[in-house]
Amino acid sequence: MATEFQVPSPLVPTRESYYVRYCKQHAEGTWAVVDVSLDNIRPSPTARCRRRPSGCLIQEMPNGYSKVTWVEHVEVDDSGVHSLYKQLVSTGHAFGAQLITNQDGRKSMLKLAERMVMSFCAGVSASTAHTWTTLSGTGADDVRVMTRKSVDDPGRPPGIVLSAATSFWLPVSPKRVFDFLRDENSRSEWDILSNGGVVQEMAHIANGRDTGNCVSLLRVNSANSSQSNMLILQESCTDPTASFVIYAPVDIVAMNVVLNGGDPDYVALLPSGFAILPDGSTITATTSSAGGGIDTDAAGSSGGSLLTVAFQILVDSVPTAKLSLGSVATVNNLIACTVERIKASLSCENA
């Protein structure tokens with residue numbers, strides 16, 4: 001098997017592993033899945049990651065659930081990681097994950113949202129399959145761009161798609177950033193494309209125990225009555241390792257088909273959104289006790305956030321067209337303005 005582990009930022013190279021997987025029932029009600037690296041059989045001068053024996057133990061529980069214990073054991077060269085992300089990567093959380101358990105219009109909408117999230121995550125990492133070009137900027141806030149041709153894909157509009165992404169640090173907790181970005185009431189503070197319209201939640205599907213885990217259908221009521229209202233499909237999800245707010249404009253007619261239980265695979269999506277990671281610098285307060293020892297305040301304040309902002313824009317409906325410098329400048333300006341708005345809004349709240 002070959003696997004690519006990703007961090008949702010173009011500033012962190014992916015980890016690629018080539019390994020053999022062995023599965024076996026270990027005892028009654030217990031199964032083991034073990035992966036062992038084969039990189040020494042197929043050595044590569046560019047390999048940055050070697051998987052030592054890793055995998056999971058699956059135990060049957062009396063209530064019909066499963067208990068999964070997962071172990072990752074890797075050797076890795078992280079010299080290519082941007083300094084902004086080095087602390088987070090060194091904690092071991094950057095490439096971590098959390099297992100999630102999930103239940104005819106609701107099912108179709110969730111399926112469409114799942115495809116939207118997968119498309120976003122595939123398009124925002126520093127994968128070897130996708131080459132990013134760095135636009136001149138100020139270092140950590142550089143905008144990375146890449147283009148793709150969309151042809152004969154019913155789930156994506158045809159033409160030239162320009163992706164743009166940047167990652168930066170915020171002196172605000174990941175939870176605060178997540179709550180700000182997912183709230184439709186604060187969307188006008190950062191979303192340039194909604195053009196000052198009032199955002200209203202039309203449908204809401206809970207997708208986990210945390211109130212932030214949900215799929216929403218939003219309507220942007222334009223301030224200009226001559227403009228048609230826009231629908232936005234959005235999924236927000238959070239766990240201790242990472243949080244995401246991912247969205248895509250959707251066609252009203254196509255969305256009505258989905259809400260009536262129709263096939264969501266033919267709804268064209270270009271997802272944009274945010275990936276929010278902790279910066280790896282959790283602060284723990286310490287105080288001296290009467291006996292001279294040190295007491296640790298486990299509820300100490302958390303550190304800042306690493307925020308990746310990514311857009312996908314259809315710049316030409318003809319797949320064979322040439323990309324213009326004007327299109328690149330427009331997308332670069334869009335992402336720069338969004339970053340500045342987010343920084344301004346959260347800095348004011350944090351002051």
Practice problem: Using a 4.5 Å cut-off on heavy atoms from C-beta on, say whether the side chain of D179 contacts that of K175. | Solution: yes

Quiz prompt | Minimum heavy-atom distance between L306 and P278, given as atom pair plus value | solution = CD1-O, 3.9 Å

Practice problem: Please report the shortest heavy-atom distance between S236 and G212, naming the atom on each side. | Solution: OG-O, 2.6 Å

Quiz item: Same cluster for L217 and V257 if Ile/Leu/Val/Met/Phe/Trp/Tyr side chains link at under 4.5 Å?
Solution: no

Quiz item: Is any side-chain heavy atom of D78 less than 4.5 Å from a side-chain heavy atom of R15?
Solution: yes

Quiz prompt | Minimum heavy-atom distance P271-Q312, with the two atoms named | solution = O-NE2, 2.9 Å

Quiz item: If Ile, Leu, Val, Met, Phe, Trp and Tyr residues are connected whenever their side-chain heavy atoms lie under 4.5 Å apart, and connections chain through other members, are V220 and I192 in the same group?
Solution: yes

Quiz item: Between CG of D142 and CG of L11, what distance do you get to the nearest 0.5 Å?
Solution: 8.5 Å

Quiz item: Could you walk me through whether V315 and T147 pass the side chain to side chain contact (heavy atoms under 4.5 Å, CB included) check?
Solution: CA-CA 10 Å; V315 294; T147 58; over 6 Å; no

Quiz item: When you look at K111 and D265, which way does the salt bridge (Lys or Arg N to Asp or Glu O under 4.0 Å) test go after all the steps?
Solution: CA-CA 8 Å; K111 187 178 178 184; D265 291 344; 3.7 Å; yes

Quiz item: Do P157 and L270 touch side chain to side chain, with heavy atoms closer than 4.5 Å?
Solution: yes

Practice problem: Output every pair passing salt bridge (charged side-chain N to carboxylate O under 4.0 Å, His left out) with a member in residues 190-208, not counting sequence neighbours, ordered by first then second residue. | Solution: R187-D191

Practice problem: Following the transitive rule for hydrophobic clusters with a side-chain heavy-atom cut-off under 4.5 Å over Ile, Leu, Val, Met, Phe, Trp and Tyr, establish whether L88 and V76 coincide in one cluster. | Solution: no

Practice problem: Quick one: pull up SG in C56 and NZ in K67 and give me the separation to the nearest 0.5 Å. | Solution: 13.0 Å

Quiz prompt | Heavy-atom check, side chain of P8 versus side chain of T308, under 4.5 Å | solution = no

Quiz prompt | Close side-chain approach of W169 and D279, heavy atoms under 4.5 Å | solution = yes

Exercise. Check whether any side-chain heavy atom of I313 lies under 4.5 Å from a side-chain heavy atom of L334, and answer yes or no.
Key: yes

Quiz item: Would you say the side-chain atoms of D239 pair up with the backbone N or O of A242, donor to acceptor, closer than 3.5 Å?
Solution: yes

Exercise. Flag yes if L259 and V267 sit in one hydrophobic cluster, no otherwise; membership is Ile, Leu, Val, Met, Phe, Trp, Tyr, and two members link when side-chain heavy atoms are under 4.5 Å apart.
Key: yes

Quiz item: Sub-3.5 Å donor-acceptor pair from the side chain of S305 to the main-chain atoms of I276, do we have one?
Solution: no

Exercise. Mind jotting down which residue pairs meet the salt bridge (charged side-chain N to carboxylate O under 4.0 Å, His left out) criterion with at least one end in residues 27-38? Sequence neighbours excluded, please.
Key: R21-D35, D35-R51

Quiz prompt | Minimum-distance pair of heavy atoms, taken over all atoms of E235 and N207 | solution = OE2-ND2, 3.4 Å

Self-check item: Over 12 non-hydrogen atoms of neighbours within 6.0 angstrom of CD in E114
Solution: no

Quiz item: In terms of heavy-atom contacts, does NE2 of H204 have more than 12 from other residues, nucleotides or ligands at under 6.0 Å?
Solution: yes

Practice problem: Could you tell me whether the side chain of T30 and the main chain of Q59 form a donor-acceptor pair under 3.5 Å? | Solution: no

Quiz prompt | Candidate list F178, F120, F311, W190, test ring-ring contact (aromatic ring centres under 6.0 Å, His included), partner F274, passing option | solution = W190

Quiz item: With the threshold set at 4.0 Å, does a side-chain nitrogen-carboxylate oxygen contact exist between E75 and R52?
Solution: yes

Exercise. Could you pull out the closest heavy-atom pair between V328 and L162, with the gap in Å?
Key: CA-CD2, 3.9 Å

Quiz item: Same hydrophobic cluster for I335 and L314, using side-chain heavy-atom links shorter than 4.5 Å among ILVMFWY?
Solution: no

Quiz prompt | N260 side chain vs G262 backbone, donor-acceptor pair below 3.5 Å | solution = no

Quiz item: If we only count heavy atoms from C-beta on, is the L269 to V250 side-chain gap below 4.5 Å?
Solution: yes

Practice problem: Please confirm whether the backbone N or O of Q87 pairs with a side-chain atom of S90, one donor and one acceptor, at under 3.5 Å? | Solution: yes

Quiz item: Looking only at heavy atoms, which two atoms of A164 and V145 are closest? And how far apart?
Solution: CB-CG1, 3.9 Å

Quiz item: So, does S216 use its side chain to make a donor-acceptor pair with the main chain of Q234 at under 3.5 Å?
Solution: no

Quiz prompt | Side chain to side chain, S119 and R156, heavy atoms closer than 4.5 Å | solution = yes

Exercise. Give a yes or no answer on whether the side chain of T14 reaches the backbone of Q6 with a donor-acceptor pair at less than 3.5 Å.
Key: no

Quiz prompt | Verdict with reasoning, Y85 to S167, per side chain to side chain contact (heavy atoms under 4.5 Å, CB included) | solution = CA-CA 9 Å; Y85 278 80; S167 299; 3.4 Å; yes

